[in-house]
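First comes the structure, then the notes that go with it.
Below, each value reflects all heavy atoms present in this structure, side chains not excepted, and no hydrogens, waters or symmetry copies. Only a predicted model underlies this, so the values are computations on that prediction, with no experimental measurement involved. One-based numbering, in listed order, for ligands and for the atoms of each. Quick note: residue numbers are just sequence positions, from 1.
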Amino acid sequence: MAQKKIIVIGSGFSGLSAATCLADQGYEVTVLEKNSSPGGRARSFAAEGFTYDMGPSWYWMPDVFESYFRRFGKTTSDYYDLLRLDPSYTVIFGEDDFMEIPASMDKLRELFESLDKGSANALDKFLEQASYKYEVGINQLVYKPGRSVSEFMNLRLLLDVLRMDVFQSIHKHIRRFFSHDKIIKLMEFPILFLGALPQNTPALYSLMNYADISLGTWYPMGGMHKIVEGMVKLAEEKGVKFLYDQDVQRIDVQNGVAKQVLTATDVFDTDVVVASADYHHVEKELLPKAYQSYSDAYWEKRVMAPSSLLFYLGVNKRLQNLQHHNLFFDEDFGPHAHEIYTDPKWPNKPLFYVSAPSVTDSSVAPEGCENLFVLIPVAPDLEDKEEVREKYFHLVMDRLERLTKQEIRSSIIYKRSYAHKDFIQDYNAFKGNAYGLANTLMQTALLKPSLKSKKVKNLYYTGQLTVPGPGVPPSLISGQVVAKEVAKEYAAPLAVKV
Ligand SMILES: Cc1cc2nc3c(=O)[nH]c(=O)nc-3n(C[C@H](O)[C@H](O)[C@H](O)COP(=O)(O)OP(=O)(O)OC[C@H]3O[C@@H](n4cnc5c(N)ncnc54)[C@H](O)[C@@H]3O)c2cc1C
């Protein structure tokens with residue numbers, strides 16, 4: 001059988017995953033990437049001897065990465081070395097009020113018990129349910145393409161879904177088990193990854209607590225970009241062709257079928273298109289209006305996950321009182337959340353996160369130096385000006401210096417900021433979003449933008465704006481799900497793997 005040609009637009013985790021699965025099934029796959037390097041939001045860059053991961057820094061759900069490589073007869077350790085972090089992370093509640101979260105379950109139980117008597121047993125019960133949700137959620141639900149209700153019409157699965165608290169909020173669910181303020185903050189933290197308020201996030205997502213506490217926080221030595229490098233290597237081993245600096249400008253559709261993909265310099269004939277670039281951009285900017293599945297009004301009503309103001313900093317000394325992952329929860333999240341979701345504006349007293357990978361990994365900073373990545377979650381679609389970035393730089397530095405009790409600013413030898421304008425310029429991100437579409441109940445499974453175009457027969461979507469949602473593991477899964485759907489409809493030259 002002649003090889004069918006597939007163009008994948010974008011080389012983020014979802015594009016890499018889709019491309020590799022499709023090439024493995026015998027398709028001729030070409031990835032067109034607008035930037036000059038792969039990884040999308042997980043690219044890296046080097047400056048002044050420092051190596052920075054540009055986006056993701058938390059390696060959670062190691063089983064998802066492992067099962068990805070295993071479907072090709074490989075293992076993660078063929079491509080990168082993983083280290084389990086201990087402590088997993090530190091939460092800074094205020095001056096001299098730091099809480100290290102131990103990797104060991106026994107130590108975590110002791111910590112809970114020391115905060116609130118009886119809470120260790122509550123944690124056991126909470127995690128028992130969360131483990132069940134993880135099992136059903138990650139092994140069954142997230143691999144559903146979300147194209148038809150019939151996918152869920154299996155009695156066992158329906159019962160499972162009902163048992164999984166889909167209709168109760170995680171906010172309420174956590175409070176059924178815990179009452180101590182710090183424990184509640186700790187348990188609500190993983191929900192930030194889903195891009196929505198705990199009040200609007202189904203309790204199903206306590207599976208994220210299972211991922212956090214039971215499966216642990218890991219780090220690929222050399223940085224998160226090592227995952228990208230491994231995935232590109234595997235993709236190339238499978239025959240995927242990568243073309244960089246290829247900014248796709250149009251998908252040519254004839255009679256409802258995508259025929260060609262056009263970049264500024266080249267034209268590519270294709271049998272199928274898999275778009276892993278931001279869904280909104282592909283629909284609104286690459287397709288003629290008649291072939292767009294969703295209206296402007298539809299997009300305006302979507303709850304986007306937050307954007308971020310980021311700082312990549314190089315410090316010419318080692319710092320005290322910082323772990324690899326540090327959550328600065330020294331202000332109340334309520335008003336900050338309000339400024340992200342309900343009344344979008346630059347926040348007054350934001351929470352922020354600092355990653356210092358050089359605490360674990362000497363390869364990411366020159367000797368005697370510290371590599372810092374600072375992230376402030378902010379609403380999408382804000383006016384992004386240099387003065388505003390600078391104001392927040394000083395706001396964060398004031399708190400960081402005060403809370404960690406050291407002078408940092410004068411030792412900074414490298415500084416780069418990154419926010420909305422950069423997300424738009426680099427990734428064509430709708431409203432400058434960082435993490436795609438929020439995982440609210442009304443934006444779950446079938447209620448997400450569909451992984452298959454409703455108007456163009458051979459156009460599919462993957463990535464953080466479609467199923468299953470934002471984050472590195474979901475993006476990896478999204479690529480696998482779309483590859484399976486393509487193979488169902490466009491006879492795969494080789495046996496289809498499911
Ligand atoms: C700051 C930040 C921190 C994060 N932290 C974490 C974390 O700690 N853990 C975690 O699990 N997740 C994290 N995430 C989320 C995670 O990184 C993303 O969900 C995931 O990387 C998205 O992958 P993707 O393939 O859907 O999209 P992308 O990575 O955006 O890939 C899309 C690709 O399409 C390309 N593209 C766009 N338009 C075109 C065009 N016209 N032509 C050609 N190519 C085009 C882009 O350049 C890009 O390479 C974070 C994200 C950010 C931004």
Once you measure the plane-to-plane angle for Trp60 and Trp58, does it fall in the parallel (<30°), tilted (30-60°) or perpendicular (>60°) bin?
perpendicular

Among Arg389, Lys431, Lys421, find the residue that satisfies the salt bridge (charged side-chain N to carboxylate O under 4.0 Å, His left out) test when tested with Asp384.
Arg389

Nearest protein heavy atom with distance in Å, relative to atom 26 (O) of ligand 1:
Gln464 N, 2.9 Å

Identity and distance of the protein heavy atom lying nearest atom 32 (C) of ligand 1
Ser276 O, 3.4 Å

Heavy-atom contacts with His281 under 4.0 Å: which atoms of ligand 1 show up? List them by number with element.
38 (N), 40 (C), 41 (N)

Kindly assign one of parallel, tilted or perpendicular to the pair Phe65 and Tyr59, based on the angle between their ring planes and the thresholds 30° and 60°.
parallel

Check if Phe423 has a non-hydrogen atom at a distance under 4.0 Å from any atom of ligand 1.
yes

Identity and separation of the nearest protein heavy atom to atom 37 (C) of ligand 1
Ala277 CB, 3.3 Å

Under the ring-ring contact (aromatic ring centres under 6.0 Å, His included) rule, what do Tyr414 and Tyr52 come out as? Steps first, then yes or no, please.
CA-CA 11 Å; Tyr414 179 76; Tyr52 296 97; 5.6 Å; yes

How far is atom 9 (N) of ligand 1 from its nearest protein heavy atom, and which residue and atom is that?
Trp58 O, 3.2 Å

Side chain, backbone, both or neither: which part of Gln246 comes within less than 4.0 Å of ligand 1 when only heavy atoms are counted?
backbone

Please state which protein non-hydrogen atom is closest to atom 5 (N) of ligand 1 and give its distance, to 0.1 Å?
Pro56 CA, 3.2 Å

Is the side chain of Glu33 donor-acceptor paired with the backbone N or O of Asn35 at a distance under 3.5 Å, no angle test?
yes

Within the structure, is a non-hydrogen atom of Ala42 found at a distance of less than 4.0 Å from ligand 1?
no

If the cut-off is 4.0 Å to any non-hydrogen atom of Leu32, which atoms of ligand 1 fall inside it?
43 (C), 44 (N)

The protein heavy atom nearest to atom 25 (O) of ligand 1 is Ser14 OG, 2.7 Å

Starting from atom 23 (O) of ligand 1, find the nearest protein heavy-atom neighbour and note its residue, name and distance.
Ser475 OG, 3.4 Å

Closer than 3.5 angstrom, by distance alone: can the side chain of Tyr461 be matched with the main-chain N or O of Asp278 as a donor-acceptor pair?
no

I'd like to know if the side chain of Asn139 reaches the main chain of Val136, judged simply by a donor and an acceptor atom lying under 3.5 Å from each other, with no hydrogens or angles considered.
no

For Pro473, the ligand 1 atoms with a heavy-atom partner under 4.0 Å come out as 11 (O)

Verdict with supporting geometry, Lys259 and Asp252, salt bridge (Lys or Arg N to Asp or Glu O under 4.0 Å):
CA-CA 6 Å; Lys259 294 284 188 190; Asp252 181 45; over 6 Å; no

Less than 4.0 angstrom from a charged side-chain N to a carboxylate O is my criterion; do Asp426 and Arg43 meet it?
yes

Contact check: Gly471 vs ligand 1, nitrogen or oxygen atoms, below 3.5 angstrom:
yes

Go through ligand 1 atom by atom and flag the ones less than 4.0 Å from a non-hydrogen atom of Asp247.
40 (C), 41 (N), 42 (N)

Side chains of Gln464 and Ser475 only: does a donor on one sit below 3.5 Å from an acceptor on the other?
no

So, Arg147 and Glu485, do they make that salt bridge, N to O below 4.0 Å?
yes

Tell me the contacting part of Asp426 for ligand 1: side chain, backbone, both, or neither, using a 4.0 Å heavy-atom threshold, strictly below.
backbone

Closer than 4.0 angstrom: is that true for some heavy atom of Gly436 and an atom of ligand 1?
no

Identify whether the distance between the nearest side-chain nitrogen and carboxylate oxygen of Lys233 and Glu237 falls below 4.0 Å.
yes

If you measure every N/O of Tyr435 against every N/O of ligand 1, is any gap under 3.5 Å?
no

Suppose we measure from atom 21 (O) of ligand 1 to each protein heavy atom; which comes out shortest, and what is that distance?
Phe13 CD1, 3.6 Å

I need the contact type for Val248 against ligand 1. Using non-hydrogen atoms and a strict under-4.0 Å cut-off, is it side chain, backbone, both or neither?
both

Closer than 4.0 Å to some heavy atom of Gly463 - which atoms of ligand 1 meet that?
26 (O)

Is Glu285 in contact with ligand 1, taking contact as a heavy-atom separation below 4.0 Å?
no

Per-atom filter on ligand 1: closer than 4.0 angstrom to a heavy atom of Tyr427 are 37 (C), 46 (C), 47 (O)

Are Lys415 and Glu390 ion-paired here, with the side-chain N under 4.0 Å from a carboxylate O?
yes

